[in-house]
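Report on the structure given below.
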Amino acid sequence: MTTTPIKPVSPAAPERSETPIIMGMIAVLAVLPLLGVYPYFVMQALCFALFACAFNLLIGYVGLLSFGHAMFLGTAGYASAHAAKVWGLAPELSILFGTLASGALGVLVGLIAIRRQGIYFSMTTLALAQMIYFFYLQAKFTHGEDGIQGVPRGLFLGVLDISKPLVLFYVVLAIFVAGFLLIYRTINSPFGEILKAIRENEPRAISLGYRTARYKLAAFALSAALAGLAGATKVIVSQNASLTDVRWEMSGEVVLMTLVGGLGTIFGPVVGAFIIIAMQQYLAEFGQWVLVIQGVIFVACVLAFRRGIVGEAAKVLRRNL
Amino acid sequence: MDEARVLLEVKDLQAWYGESHILHGVDFRVREGEVVTLLGRNGAGKTTTLKSVMGMIGKRTGSVQFDGQQTIGMTSDRIAHLGLAICPEERGIFASLNVMENLMLPPQVRPGGLPVEQIFELFPNLKERISSQGTKLSGGEQQMLAIGRILRTGARLLMLDEPTEGLAPVIIQQIGRTIARLKQEGFTILLVEQNFRFASTVADRFYVMEHGRVIDAFANADLDANMGKLHEYLGV
Amino acid sequence: QDKNVKIGVLDDMSGLYADVGGQGSILAAQMAIEDSGMAAKGWKIDLISADHQNKPDVGVNLARQWADQEKVDGIFGVLTSSVALAVNGVAKEKNLVYMNSGAATSDLTNSACSPNTVHWTYDTYLLANGTGKAVVKSGGDSWFFLTADYAFGHALERDTTDVIKANNGKVLGSVRHPLNSADFSSFLLQAQASKAKIIGLANAGGDTTNAIKQASEFGITGSGQQLAALLLFYSDVHSLGLKMTQGLQFTETFYWDLNDGTRAFSKRFSDRMKNKNQPTMVQAGIYASIIHYMKALEANGSNPHDGVKMVEKMKSMPTDDALFGKGEIQPNGRKIHPGYLFEVKKPQESKYPGDYYKLIATIPANEAFTPLDKSACALVKK
Amino acid sequence: MVEDFILETKGLTKEFAGFTAVRDVDLRVRRGSIHALIGPNGAGKTTCFNLLTKFLPPTRGAIAYNGRDITSMAPADVARLGLIRSFQISAVFPHLTGMENVRVALQRHRGDNFDFWRSKKVLDDLNGRAMALLEDVGLTEFADVTAVEMPYGRKRALEIATTLALDPEMMLLDEPMAGMGHEDIEKVVELIRRVSANRTVLMVEHNLNVVANLSDTITVLTRGQILAEGDYATVSANPEVQQAYLGASHG
Amino acid sequence: MFNISTQALFAQLLVGLINGSFYALLSLGLAVIFGMLNIINFAHGALYMMGAFCAYFLLNVLGINYWMALILAPLLIGFLGVVLERTMLQRLAGLDHLYGLLLTFGLALIIQGLFQNYFGSSGLPYAIPQQLTGGQNLGFMFLPNYRAWVVIFSLTICLATWFAIEKTKLGAYLRAATENPTLVRAFGVNVPRMITLTYGFGVGLAALAGVLSAPINQVRPLMGADLIIVVFAVVVIGGMGSIMGSIVTGFALGILEGLTKYFYPEASNTVVFVIMAIVLMVKPNGLFGRA
Ligand SMILES: Nc1ncnc2c1ncn2[C@@H]1O[C@H](COP(=O)(O)OP(=O)(O)OP(=O)(O)O)[C@@H](O)[C@H]1O
Ligand SMILES: Nc1ncnc2c1ncn2[C@@H]1O[C@H](COP(=O)(O)OP(=O)(O)OP(=O)(O)O)[C@@H](O)[C@H]1O
Ligand SMILES: [Mg+2]
Ligand SMILES: [Mg+2]
């Protein structure tokens with residue numbers, strides 16, 4: 001009863017470079033606020049997109065479904081918010097601190113969880129995430145339900161005034177692009193090839209002499225750190241860190257984003273994150289109908305676009321996306 | 001032999017895995033009480049033929065008549081109740097069931113199956129490991145279990161896909177004897193084999209497949225005369 | 001003069017408190033705009049609304065987007081303390097008017113007070129003071145708390161404990177249960193074992209209703225112990241029914257059947273509600289706060305989009321509406337009005353639909369909320 | 001003459017809940033030889049492989065490889081010493097192409113590399129070698145086909161190519177010919193003979209032709225114990241072996 | 001806090017057992033669906049809620065009492081489950097169970113959203129049936145009759161289900177069909193129909209739990225939403241696919257949670273996850289799970 005590995009969408013698709021699409025994506029993102037799209041919305045979505053990409057690195061390329069990824073988003077959030085607000089660290093240092101904190105937590109959690117398979121892995125991560133949640137609920141510095149409010153922004157790298165929305169936007173975009181490219185590179189690195197082999201057939205990889213546990217741990221920690229980067233950036237954007245980010249619902253949300261966009265695709269998580277965040281933002285006006293509309297979209301997704309939006313597109317275009 | 005009823009008649013059978021067209025019009029027939037073997041290279045479509053007859057392939061066309069009844073449009077559970085059973089190539093032992101549960105799993109579709117004691121007689125290994133988890137058995141033991149469990153069901157046409165794969169010579173001989181005995185008891189057997197030596201000891205007739213078609217057929221009696229052709233087809 | 005103003009109602013539309021706020025909040029706001037008669041005076045008041053899902057970050061994002069994109073001038077409603085505090089920051093940053101009706105936290109007018117914020121309907125101080133004091137005075141002098149384990153619950157327990165002690169009562173113990181506990185029997189047994197006269201429910205929403213229901217099942221209410229719900233809304237009593245809630249004491253600042261003014265408003269309100277429910281005090285607060293805001297808009301005369309100026313104006317004007325009566329807004333943003341200690345009627349005492357409450361005591365406006373000299377707000381000159 | 005054994009076990013035993021699959025096995029494999037492990041189904045051959053490659057911990061006994069005690073090593077570390085196995089149920093990376101399957105193995109030569117920041121283009125150097133290996137097992141035309149889509153026999157061939165890619169000092173092959181057609185069997189026999197030139201092969205096989213043809217030494221296992229050992233002629237003449245394994249027709 | 005009186009302890013254990021019955025009943029349904037059909041039924045909480053609402057409507061609209069509701073609600077909601085399976089879940093056969101999870105999650109949102117729109121969030125009252133009001137004074141605690149009934153009834157249902165699945169061939173079919181539906185079908189078992197009925201049965205169990213809980217908890221649209229993750233944890237701790245595992249774990253968790261509520265109440269919602277982490281560390285496949 002283990003999770004069957006998620007199949008890549010178009011396994012035998014001819015190798016075509018994704019570089020033009022990536023450039024295009026960055027270009028589109030960069031002009032969005034100039035076209036009148038609300039920059040805070042894009043920033044919020046970018047943070048979640050990075051979060052989903054980090055999560056997708058695990059599920060899509062290592063075959064590990066973490067159901068506790070919120071703990072990394074939230075840990076980095078609290079760590080950077082505390083660093084910025086209480087210790088008065090510069091924003092880039094706060095973000096770095098949050099990222100490292102999540103990476104370190106990733107190593108710890110990974111050490112425990114990585115030896116479990118399939119659904120039991122997911123459940124171990126969920127269990128640990130709930131304990132972390134409990135810790136944050138009880139800990140004084142997180143201010144419980146109220147969260148850490150009013151996190152200062154300050155000067156990024158000492159020069160960029162990120163209290164200006166547009167400056168902040170481009171800083172966030174740069175962070176996202178850096179994270180995205182790192183993930184993209186990871187997938188297409190020699191290391192990534194080994195990860196794929198492990199996902200496909202772990203005993204065989206072991207028999208070839210790969211210490212698979214270390215590879216999985218490395219991937220897990222990397223994913224945790226990148227999720228942390230997303231969480232820390234998000235805190236600088238929204239200026240608060242709250243329990244929402246460590247709840248299990250958040251761990252579920254990132255699964256949804258990735259599924260809606262397309263598991264194991266390069267751009268799927270980004271598309272999925274934008275869709276879900278847009279839904280939350282724009283459906284908010286529908287008040288009580290939000291839940292129903294969201295539900296209908298998920299059901300429709302599964303029934304009609306099983307591979308996720310990007311996955312379906314990839315199939316139609318017969319290429320990797 | 002010639003008077004015997006035709007139990008299975010396959011005409012222009014075509015089958016697809018998703019988009020890929022695998023069988024391009026397979027024709028053959030099996031008479032009641034016969035042992036017929038499908039030979040052919042890896043990938044010729046032997047397994048696919050068995051699965052299509054059993055109704056386990058999503059898309060298939062043509063005609064498959066069992067005992068005079070057209071089965072091409074039926075689902076596999078209904079086909080099974082007509083008295084067909086399959087022992088698949090990859091054995092299909094269930095990890096979540098123990099040996100006994102695996103053995104008892106297929107429902108009896110007709111009277112006249114072998115009683116469990118006789119199955120244990122044939123394959124004593126199984127009796128020893130009766131409460132082990134199915135997939136913990138050795139490769140060969142799993143093969144025995146896969147054969148054993150369809151003997152119970154009372155199906156009249158048994159389709160065995162490479163039953164000797166991975167078995168020790170002593171067991172292969174035993175399976176050979178079993179097939180002979182089943183034949184005596186009136187079972188009809190459709191066999192897929194790579195092990196030509198084994199097939200030649202049990203089969204009445206052979207069909208040779210290539211690229212999703214039956215390309216030749218001959219009886220066991222004519223084997224010597226056909227060795228040259230066979231060598232060409234299979235490299236025996 | 002610019003006579004175009006846009007306001008937003010930000011509330012829980014789909015979650016635990018959707019009955020307390022939700023659609024009713026929007027309706028209350030609409031009615032306020034209509035009743036203010038501003039349109040006739042040439043004003044154009046736009047109303048938008050959204051669901052904050054009880055998540056602070058969703059609340060912050062919506063508020064910020066409203067300010068930046070929708071050019072909203074004022075935010076109303078905002079149930080749930082954590083969201084309320086988060087929105088408080090945005091309102092200040094964007095210089096909006098922020099009139100909260102629904103959040104319990106008294107921090108809004110203390111440590112977190114802001115020149116842009118008015119806190120209308122009630123707060124933990126009132127709940128603690130109103131219910132705590134009255135219950136102790138009527139003989140319920142030993143307490144045991146069932147407290148929801150989060151900031152609001154803690155604050156409520158802390159404040160009530162102070163009041164009980166100040167009135168020579170004692171607190172025998174408390175349990176802190178996680179938010180959204182389905183089962184309270186375990187906690188109730190502990191409360192029962194404490195032999196306290198009063199079991200104080202320092203929680204809200206589903207936690208409170210389940211605790212009340214199970215207390216009756218375990219025969220607690222029948223055995224001499226009494227429940228005091230520190231925060232209970234009309235919608236809760238309505239949903240639990242009188243059989244379950246009879247005899248409960250709690251504090252509210254509005255009840256539909258209080259006087260002619262409230263009755264008239266409530267009739268119009270319930271006629272327009274899909275489920276024909278009477279308004280809760282939170283919805284009433286939204287109505288009243290918008291009415292006051294409209295008056296200030298008119299009286300102001302200068303830029304209506306300057307949040308701080310608008311709030312200053314509102315503070316300078318006495319409040320007067322049919323729902324909360326006469327009152328004022330203190331320098332720290334606290335709206336002052338009387339509180340009422342109610343008791344739920346027995347089923348046989350209820351004469352007509354919605355006839356649920358008996359008025360036990362009125363807490364005068366000047367005692368209901370934190371005295372100004374005790375306020376931790378920096379806006380209060382000492 | 002001192003014989004040079006690359007692999008030696010002493011009293012190797014494996015018990016599964018109340019059942020002894022391998023009992024007191026002292027196996028010695030001479031360096032450079034092709035050694036066959038045969039025996040009836042369930043004799044414990046695969047279990048032996050699992051013990052030797054550390055996929056199962058032994059209940060008792062010791063294993064020495066190249067004179068070094070590997071009894072308590074991790075499986076990946078054993079593989080790193082040059083002891084590589086194949087699996088009885090074919091083990092490939094199903095959604096990778098033939099080429100990628102082999103390349104994953106070739107990548108091992110790059111050492112323990114966590115270089116996630118480097119492009120996989122650096123692996124293109126390996127393509128030539130991978131292609132050569134595929135050709136060796138007759139899989140040239142399958143280089144771009146994903147493994148799931150290959151017929152069974154091809155998967156076995158692919159697995160052998162992957163194993164060879166590591167240039168192992170010793171190969172453990174579990175029924176490498178099972179499910180292959182006759183032509184392929186001959187090809188693989190040739191292949192094994194060729195690659196065994198400077199390495200040791202320990203294999204499990206039920207195809208007696210292959211065993212007779214290839215192996216220098218044969219160990220017969222029954223019920224977890226060694227029954228006989230020697231070359232094919234010796235072993236097949238043993239009446240006990242005939243009774244337990246070969247069956248009547250091999251009198 | 002640590003001066004435990006044995007009386008209080010007894011009371012807590014008993015109360016824990018009562019809660020355990022709900023966990024057991026709910027996790028049983030979930031385990032049947034997950035273990036047997038490989039669907040992570042995220043709609044379980046919503047269907048549980050529908051069971052409770054169903055009882056409410058039967059009583060208040062049609063005047064059908066609690067006892068009939070106990071039979072009718074599971075049938076009605078179970079039938080709804082059959083429809084859902086036939087029209088939607090069936091299309092996901094053979095796919096990774098993530099898809100089932102997403103679909104049922106979507107369904108849960110729709111159901112809960114609709115109910116909330118029509119019935120608000122604070123819920124509706126449902127009275128304890130006449131025959132079961134009142135309670136027994138056990139000396140160390142007052143045990144409401146209704147709670148005693150809940151324990152006895154759910155224990156009976158759990159054991160009957162366990163028997164039907166583990167001691168008959170049905171269980172073997174179901175487990176085998178999870179692994180290889182094509183083959184089981186080729187053996188002559190109508191797998192799709194079996195799966196549909198099993199899903200309907202699991203859903204019926206959820207609805208049954210809903211009816212049982214209606215007189216205790218307020219009948220609220222969100223009553224199942226918070227429960228689902230805990231119940232799922234129970235299934236995992238018990239060992240996925242193990243019927244007995246989910247029953248035993250359900251009751252045991254109720255008791256452990258009860259003790260936590262006494263000694264460290266703040267952590268009573270977290271204790272299940274602590275247990276899950278520990279169990280999975282020691283027994284990777286859960287307490288009763290097959291390797
Ligand atoms: N699931 C599948 N999807 C796509 N193609 C398949 C699938 N299974 C088999 N094939 C292809 O169908 C063709 C026939 O396969 P089949 O298994 O019937 O051959 P076979 O004669 O039984 O070979 P073997 O002797 O190797 O078992 C092969 O080319 C194979 O690659
Ligand atoms: N994990 C396990 N748990 C319990 N029993 C096992 C386990 N693995 C193997 N066995 C048992 O140990 C015995 C030896 O199995 P093994 O797989 O080593 O046989 P084998 O010699 O390789 O046979 P074959 O030629 O059929 O592959 C078998 O009876 C098998 O049922
Ligand atoms: Mg085949
Ligand atoms: Mg073996």
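Just so it is clear, the model here is predicted, and its values are computed rather than measured. Residue numbers begin at 1 in each chain, while the letters A, B, ... track the order of the sequences.
No other option in Ala233(E), Ala267(E), Gly286(E) has as many heavy-atom pairs under 4.5 Å with chain A as Ala267(E). By number of non-hydrogen pairs under 4.5 angstrom with chain A, the leading residue of Val274(E), Leu114(E), Ile229(E) is Ile229(E). Listed options Val255(A), Thr124(A), Val260(A) were ranked by heavy-atom pairs under 4.5 angstrom with chain E; first place goes to Thr124(A).
Here the straight-line distance linking atom CZ of Phe134(A) with atom CZ of Phe273(E) works out to 12.0 Å at 0.5 Å rounding. Annotation: the span from Asn269(E) atom CG to Leu137(A) atom CG amounts to 9.5 Å, rounded to 0.5 Å. In this structure, the separation between CG on Leu102(E) and CG on Leu303(A) is 9.5 Å, given to the nearest 0.5 Å. To the nearest 0.5 Å, atoms CD1 (Ile119(A)) and CG (Leu280(E)) are separated by 10.5 Å.
Atom CZ of Phe79(E) has 12 or fewer neighbouring heavy atoms from other residues, nucleotides or ligands inside a 6.0 Å radius. For Phe305(A), the CZ atom sits in a loose shell: 12 or fewer heavy atoms of surrounding residues, nucleotides or ligands are nearer than 6.0 Å.
Of all heavy-atom pairs spanning Arg116(A) and Met281(E), the tightest one is NH2-O, 3.1 Å. Taking both residues in full, the closest heavy atoms of Ala277(E) and Leu128(A) are given as CB-CD2, 4.4 Å, listed atom of the first, atom of the second, then distance. Across all their heavy atoms, Leu107(E) and Val299(A) have their closest contact at N-CG2, 3.8 Å. For the residue pair Met276(E) and Met123(A), the shortest heavy atom distance occurs at CE-O, 3.2 Å. Closest approach of Tyr99(E) and Leu263(A) over heavy atoms only: OH-CD1, 4.4 Å.
Heavy-atom distances place the side chain of Leu92(E), and not its backbone, under 4.5 Å from chain A. Of the two parts of Phe67(A), only the side chain, counted from C-beta on, holds a non-hydrogen atom closer than 4.5 Å to a non-hydrogen atom of chain E. Proximity to chain A (any heavy atom under 4.5 Å) is shown, for Ala108(E), by neither the backbone nor the side chain. Looking at Leu101(E), there are no atoms closer than 4.5 Å to chain A (heavy atoms on both sides), in backbone or side chain. For chain E, the nearby parts of Arg306(A) are the backbone and the side chain; heavy atoms of each come within less than 4.5 Å.
At least one donor-acceptor pair closer than 3.5 Å links the side chain of Tyr120(A) to the backbone N or O of Met240(E).
Aromatic ring orientation, Phe298(A) versus Phe105(E): tilted (interplanar angle from 30° to 60°).
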